[in-house]
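Contents: one structure, followed by commentary.
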Number of protein chains: 2
Amino acid sequence: MTTEGRGLHTRVLDTLGLAITAGEYPQGSVVRTDEVAQRFDVSRTVVREVVRVLESMHLVESRRRVGVTVRPTEEWNVYDPRVIRWRLAGSDRPRQLRSLTVLRSAVEPVAAGLAARHATPDQCAALTEQALGMVATSRGRRLEEYLVHDIAFHRVVLNASGNEMFARLGDVVAEVLTGRTHHQVMFDDPDPAAVTLHVQVAEAVREGDAVRAEELTREIAVGALEELDVLAP
Amino acid sequence: MTTEGRGLHTRVLDTLGLAITAGEYPQGSVVRTDEVAQRFDVSRTVVREVVRVLESMHLVESRRRVGVTVRPTEEWNVYDPRVIRWRLAGSDRPRQLRSLTVLRSAVEPVAAGLAARHATPDQCAALTEQALGMVATSRGRRLEEYLVHDIAFHRVVLNASGNEMFARLGDVVAEVLTGRTHHQVMFDDPDPAAVTLHVQVAEAVREGDAVRAEELTREIAVGALEELDVLAP
DNA sequence: TCGAAGATTAAGTACGACGTTTACATCACA
DNA sequence: TGTGATGTAAACGTCGTACTTAATCTTCGA
């Protein structure tokens with residue numbers, strides 16, 4: 001992961017964030033702003049701004065006379081998209097994927113139920129379109145194309161739920177699906193049963209059948225969890 | 001809400017964050033760092049660090065020659081605890097409380113089910129203790145004491161689930177419960193049915209009955225949603 | 001009318017200085 | 001010897017200024 005060309009701030013932030021979430025700085029360890037400034041060959045100004053952002057993510061704590069100390073994992077803002085990306089790129093991706101998939105299994109069924117009640121005609125159409133796209137790309141090792149439809153599908157469901165907190169999990173789901181496709185030894189083609197379920201969810205939402213939409217989505221989630229058990233024990 | 005005495009950075013950040021989330025700066029509006037520096041009588045350095053943090057929350061976007069522009073609501077990092085607090089303190093608290101309660105209704109039942117499987121003896125004991133505390137304070141207008149036990153109870157459940165993403169929602173739940181107690185015209189005493197349900201959840205978790213724990217927690221959630229419908233239409 | 005070159009503006013970066021807090025060591029006294 | 005007050009220095013906090021970069025606006029010429 002090269003993090004070049006987006007300004008000094010972003011470069012330092014990404015590198016440090018990645019290192020911290022990867023556990024290179026164990027909990028409680030201390031770094032000093034001057035050191036960092038020297039190591040990256042940037043001014044203290046830049047480092048201070050980076051530290052402030054890491055502090056806002058609760059990754060570190062800055063105290064006078066002490067330095068910048070790394071906080072324990074339990075205090076991190078693990079819902080911050082950047083933290084999620086860093087951790088998925090790091091060493092404990094498996095555990096992270098599992099946590100996030102469990103979260104999905106809780107949220108998405110409820111979101112689908114709400115979507116069945118609140119989805120606009122446009123959203124219903126988009127849902128069907130993406131489901132069909134998944135069908136069309138479900139054979140012949142077209143995982144990349146399939147992934148695009150998969151992500152779009154779940155994003156529409158979350159948005160159509162009408163709940164802001166659900167909608168904002170679209171990025172998380174996208175990261176999870178991407179991580180699953182790229183970094184796990186996924187099967188050559190997606191599970192046909194899952195594809196069918198997506199089509200049926202689109203149907204249920206279109207027909208306003210909240211209970212069925214919720215149940216079907218729960219089945220998708222269970223499938224995803226089982227798949228994780230098989231591929232990443 | 002006076003935000004004094006915690007360093008310049010915190011003061012400016014809180015004030016600006018509160019103002020932005022409250023909608024005082026409409027989406028797309030522009031502020032300039034120099035203006036802010038002058039308004040708060042601080043240096044540009046402080047303002048820049050604040051802007052960087054707001055930027056990391058996706059509340060604003062900073063572009064050269066343009067200024068700091070407020071991003072649309074849909075892009076905010078609404079899971080950031082600070083953003084949640086700002087919004088709960090602001091004008092659209094009702095809508096916010098509803099979003100968060102729906103999120104709870106999706107997450108907590110699943111978390112309770114997992115807790116029934118993974119809870120340690122200590123956690124079971126803590127759960128029972130908090131449930132009993134809720135019973136003890138459920139009559140006689142002791143809402144404040146009740147609230148403490150309620151928060152602790154849900155925190156234990158989320159932690160005992162063993163899922164990091166769930167555990168980190170403890171703060172969110174705490175904010176929701178607190179907001180509900182303090183800012184809504186709550187009944188003089190909590191719903192007796194809800195109190196009983198909490199005791200039963202503690203039982204189910206202790207006995208390792210995942211299905212029952214999940215179902216009971218779902219009933220609690222439904223109750224909370226209905227209460228919201230009654231009190232904040 | 002349109003396009004390109006230049007002026008303007010506001011953020012990005014850097015540096016140096018001083019202020020403030022506080023961990024830690026030292027010393028005095030009981 | 002132990003305990004508390006005191007002093008000191010290390011690290012972050014804040015500030016002001018100067019310079020750089022890039023986006024936008026203006027102007028001018030074809």
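Values in this document were obtained by computation on a predicted structure and should not be read as measured data. Below, chain A is the first sequence line, B the second, and so on; all start at residue 1.
Rounded to whole Å, the distance from CG on Asp34(B) to P on dA11(C) is 6 Å. To the nearest angstrom, P of dA11(D) lies 14 Å from CZ of Arg63(A). Between the CD atom of Glu49(B) and the P atom of dA11(C) there is a distance of 16 Å, given to the nearest Å. Taking atom CZ of Arg64(B) as the reference point, atom C1' of dG12(C) lies 4 Å away to the nearest angstrom. One can place CG of Leu13(A) at 16 Å from C1' of dT13(C), the figure rounded to the nearest angstrom. Distance, Arg52(B) CZ to dG12(C) P: 5 Å, rounded to whole Å. Following rounding to the nearest Å, Arg11(A) (CZ) and dT13(C) (P) show an atom-to-atom distance of 10 Å. Spacing between atom CD of Glu61(A) and atom C1' of dA11(D) amounts to 14 Å, rounded to whole angstrom units.
Closest-nucleotide positions on DNA chain C for Val66(A) and Asp41(A) were compared, and the one nearer the 5' end corresponds to Asp41(A).
Residues Thr101(A) and Arg98(A) have side chains not in contact (no heavy-atom distance under 4.5 Å, counting atoms from C-beta outward).
Looking at heavy-atom distances under 4.0 Å, Val42(B) makes contact with sugar-phosphate atoms alone, never a base. Among the protein residues, Thr45(A) comes within range of the nucleic acid bases, having at least one heavy atom under 4.0 Å from a base atom. Note on Val47(B): nothing from the nucleic acid sits closer than 4.0 angstrom, heavy atoms only.
Taking the six-membered ring where tryptophan is involved, the planes of His154(B) and His198(B) are perpendicular, since the angle between them exceeds 60° and thus also 30°.
The backbone N or O of Glu74(A) lies less than 3.5 Å from a partner atom in the side chain of Arg168(B), making a donor-acceptor pair.
Contact annotation: Arg48(B) reaches the phosphate of dG12(C) (side-chain N/O to OP1 or OP2, under 4.0 Å). Between Arg32(A) and dA11(D) there is a side-chain N or O to OP1 or OP2 distance below 4.0 Å.
A donor N or O paired with an acceptor N or O is not found under 3.5 Å between the base of dG16(C) and the side-chain atoms of Arg44(A).
Here Asp14(B) does not pair with Arg82(B) in a salt bridge; the nearest charged N to carboxylate O distance is not below 4.0 Å.
You'll find that the side chain of Ser43(A) is closest to dA14(C), out of dC12(D), dA14(C), dT21(C). Each of dT14(D), dT21(C), dA11(C) was ranked by its minimum atom distance to the side chain of Arg65(A); first place goes to dT21(C).
Annotation for Ser56(A) and Val53(B): closest pair CB-CG1, 3.6 Å, computed over non-hydrogen atoms.
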